[in-house]
Amino acid sequence: IGRRGSIYLRLKLNGVQGHTAFPENLDNPVHAIAPFLDELVRQEWDQGDEEFPASHCQVAWLHAGTGAGNVTPAHVELLANFRNGPGSPGRAIRARVADLLLKHDITDYDISWDTMGEPFRSEPGRLREVTLAALEDVLGVYPDLNTGGGTSDGRYIAPLGTEVLELGLLNTSIHQVDERTPVEDLDHLAVKIAYIQPVAVHLEPDGTEVVVPDRALESLLGIEGHHAAALVVGDVDAAVVRDRHVHRIRDAVEARDTDE
């Protein structure tokens, strides 16, 4: 139904390298960045709204030092990522970071920003209606509609006026060591796609429904003999075709599990 924006901050604070025994001859940038960093991650950027959670900042990388225990670093480097909603556009975040640097008397630094995408919303339409019906039919649940998660190609599609809804696997272990998902969830996803695809995706200008078998599902489930040609449905009830497609995928899942 939409997605948060993603903005990267790269910040390098410069100091004066020196011997730890002579603090009067050095300027330790780690000491300078510590209070700034504490305030940065504690900021309340906004409170979110009914569709977007509050914007936040996470430190992804922090590096300083030579590896010698008696030498202070000449600089410290920070990589941070903001996940922002409409209440905190990129320009507002950049301005607040500049104010924080000034507040903490940090003047000798190099900074760069990389905006991966701004937040967007997608108004509800037929795609959302069919997807919700698929989830209730396959899993017996009504999902929590939200804008969480990472960036996606939806940020390029939504501004064109096309309805965007993103549906995928649960990702509680995403980007962790041993990232994984249950095989059962893959099967459920395949059935949901089979449910949605014939009804919602292919519609000719004259109103004719066109069902194109999904080659990705064939590869995922190891289904043989999936017709490559499009099937023109015409006056046939689209729901009937959809149900046949769904049952075929379910049968394939059961047959595969039996063979294993």
Side-chain angles (χ1 to χ4, degrees), residues 1-20 22-68 71-122 146-160 164 166 171 174-176:
I1 65 171
R3 192 69 76 149
R4 296 173 296 180
S6 177
I7 305 172
Y8 287 103
L9 161 66
R10 292 183 180 274
L11 179 64
K12 178 182 177 182
L13 267 61
N14 301 307
V16 177
Q17 180 176 309
H19 196 296
T20 55
F22 301 94
E24 65 277 9
N25 296 330
L26 56 85
D27 180 12
N28 194 329
V30 175
H31 294 183
I33 201 173
F36 162 81
L37 191 57
D38 180 64
E39 188 166 359
L40 177 71
V41 299
R42 293 177 184 272
Q43 286 285 301
E44 183 181 276
W45 303 95
D46 56 57
Q47 295 183 337
D49 59 30
E50 66 280 0
E51 293 181 332
F52 283 84
S55 302
H56 71 274
C57 173
Q58 287 291 322
V59 174
W61 185 71
L62 189 65
H63 178 73
T66 65
V71 180
T72 63
H75 58 263
V76 57
E77 297 177 80
L78 166 70
L79 175 60
N81 180 232
F82 296 84
R83 298 293 164 144
N84 60 308
S88 295
R91 63 181 181 279
I93 290 177
R94 291 191 291 271
R96 288 180 63 175
V97 169
D99 289 343
L100 277 178
L101 289 167
L102 187 62
K103 176 182 178 180
H104 290 276
D105 297 320
I106 298 174
T107 57
D108 188 1
Y109 63 87
D110 302 294
I111 191 170
S112 65
W113 296 89
D114 189 6
T115 301
M116 304 304 294
E118 290 286 2
F120 69 88
R121 301 179 195 266
S122 181
N146 64 70
T147 54
T151 54
S152 76
D153 289 345
R155 66 188 187 274
Y156 305 120
I157 301 171
L160 302 177
V164 174
E166 296 170 274
N171 56 4
I174 187 169
H175 291 358
Q176 296 180 7

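Sequence positions, counted from 1, serve as the residue numbers for this chain. Predicted model, so just to flag it, every value in this text is computed and none were measured.
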Asker: Ignoring hydrogens, what is the shortest heavy-atom contact between P29 and P73? Give both atom names and the distance.
Answerer: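 Here P29 and P73 meet closest at CD-O, 3.2 Å.
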Asker: What are the two closest heavy atoms between S55 and G85, and how far apart are they?
Answerer: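 Taking every non-hydrogen atom into account, OG-N, 2.8 Å.
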Asker: To the closest 0.5 Å, what do you measure between CG (L37) and CG (L78)?
Answerer: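 Reported to 0.5 Å precision, the distance equals 6.0 Å.
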Asker: Does the side chain of N146 reach to within under 4.5 Å of the side chain of I1, using non-hydrogen atoms?
Answerer: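 Result no, sub-4.5 Å side-chain heavy-atom pair not found.
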Asker: Would you please name every residue forming a side-chain contact (heavy atoms from CB on, under 4.5 Å) with P159, sequence neighbours left out?
Answerer: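 Scan of P159 (side-chain contact (heavy atoms from CB on, under 4.5 Å), adjacent residues dropped) gives none.
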Asker: Between N25 and V16, what is the shortest heavy-atom contact and its length?
Answerer: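 Reported closest heavy-atom pair: O-CG1, 3.9 Å.
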Asker: Let me know which of D27, T66, N28, L26 forms a side chain to side chain contact (heavy atoms under 4.5 Å, CB included) with Q17.
Answerer: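 Among D27, T66, N28, L26, the one that satisfies the side chain to side chain contact (heavy atoms under 4.5 Å, CB included) with Q17 is T66.
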Asker: Which heavy atom in K12 sits nearest to a heavy atom in H75, and how many Å separate them?
Answerer: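 Scanning both residues completely, I find the closest heavy atoms to be CE-CG, 3.5 Å.
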Asker: Sequence neighbours excluded, which residues qualify as side-chain hydrogen bond (donor to acceptor under 3.5 Å, both in side chains) partners of D153?
Answerer: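 Not a single residue meets the side-chain hydrogen bond (donor to acceptor under 3.5 Å, both in side chains) criterion with D153.
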Asker: Quick one: list whatever passes side-chain contact (heavy atoms from CB on, under 4.5 Å) with R3, sequence neighbours left out.
Answerer: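 Here the qualifying residues are F120, S152, E166.
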Asker: Can you pull out every salt bridge (Lys or Arg N to Asp or Glu O under 4.0 Å) where at least one residue sits in residues 36-57? Sequence neighbours excluded, please.
Answerer: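 Those involving residues 36-57 are D38-R42, E39-K103, D49-R121, E51-R121.
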Asker: Taking only residues two or more places apart in sequence or in another chain, which ones pass side-chain contact (heavy atoms from CB on, under 4.5 Å) with I106?
Answerer: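 I106 satisfies side-chain contact (heavy atoms from CB on, under 4.5 Å) with L13, F36, L101, H104, Y109 once adjacent residues are dropped.
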Asker: Only counting residues at least two apart or in another chain, list the ones meeting ring pair (Phe, Tyr, Trp, His ring centres under 6.0 Å) with H19.
Answerer: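 F22.
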Asker: Using the side-chain contact (heavy atoms from CB on, under 4.5 Å) criterion, which residues pair with A60? Sequence neighbours excluded.
Answerer: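 A60: side-chain contact (heavy atoms from CB on, under 4.5 Å) contacts with L79.
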Asker: Nearest 0.5 angstrom please: S88 OG to R94 CZ, how far?
Answerer: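 Rounded to the nearest 0.5 Å, the OG-CZ separation comes to 12.0 Å.
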Asker: Scan the side chains in residues 4-11 for donor-acceptor partners under 3.5 Å anywhere in the protein, sequence neighbours excluded, and list what turns up.
Answerer:
| from | atom 1 | to | atom 2 | distance (Å) |
| --- | --- | --- | --- | --- |
| R4 | NH2 | G149 | O | 3.2 |
| S6 | OG | N81 | ND2 | 3.1 |

Asker: Are any side-chain N or O atoms of R83 and backbone N or O atoms of Q58, one a donor and one an acceptor, separated by less than 3.5 Å?
Answerer: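 Looks like no, no N/O pair under 3.5 Å.
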Asker: Rounded to the nearest 0.5 Å, how far does CZ of R91 lie from OG1 of T115?
Answerer: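 Here the rounded value is 11.5 Å.
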Asker: For R96, which residues count as a side-chain hydrogen bond (donor to acceptor under 3.5 Å, both in side chains) partner, sequence neighbours excluded?
Answerer: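 Scan of R96 (side-chain hydrogen bond (donor to acceptor under 3.5 Å, both in side chains), adjacent residues dropped) gives Q43.
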Asker: Suppose we screen for side-chain hydrogen bond (donor to acceptor under 3.5 Å, both in side chains). Which residues come up paired with D114, at least two apart in sequence or across chains?
Answerer: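 Residues passing side-chain hydrogen bond (donor to acceptor under 3.5 Å, both in side chains) with D114: none at all.
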Asker: Please list all pairs passing the ring pair (Phe, Tyr, Trp, His ring centres under 6.0 Å) test where one or both residues lie in residues 38-63, with sequence neighbours left out.
Answerer: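 For residues 38-63, and leaving out neighbouring residues, the ring pair (Phe, Tyr, Trp, His ring centres under 6.0 Å) pairs sorted by first residue read W45-F82, W61-H63.
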Asker: If you take all heavy atoms of P53 and T147, which pair is closest and at what distance?
Answerer: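 Shortest heavy-atom contact: CD-OG1, 3.5 Å.
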Asker: Taking all atoms of both residues into account, what is the closest heavy-atom pair of V71 and T20, and its distance?
Answerer: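 Of all heavy-atom pairs spanning V71 and T20, the closest is N-CG2, 3.9 Å.
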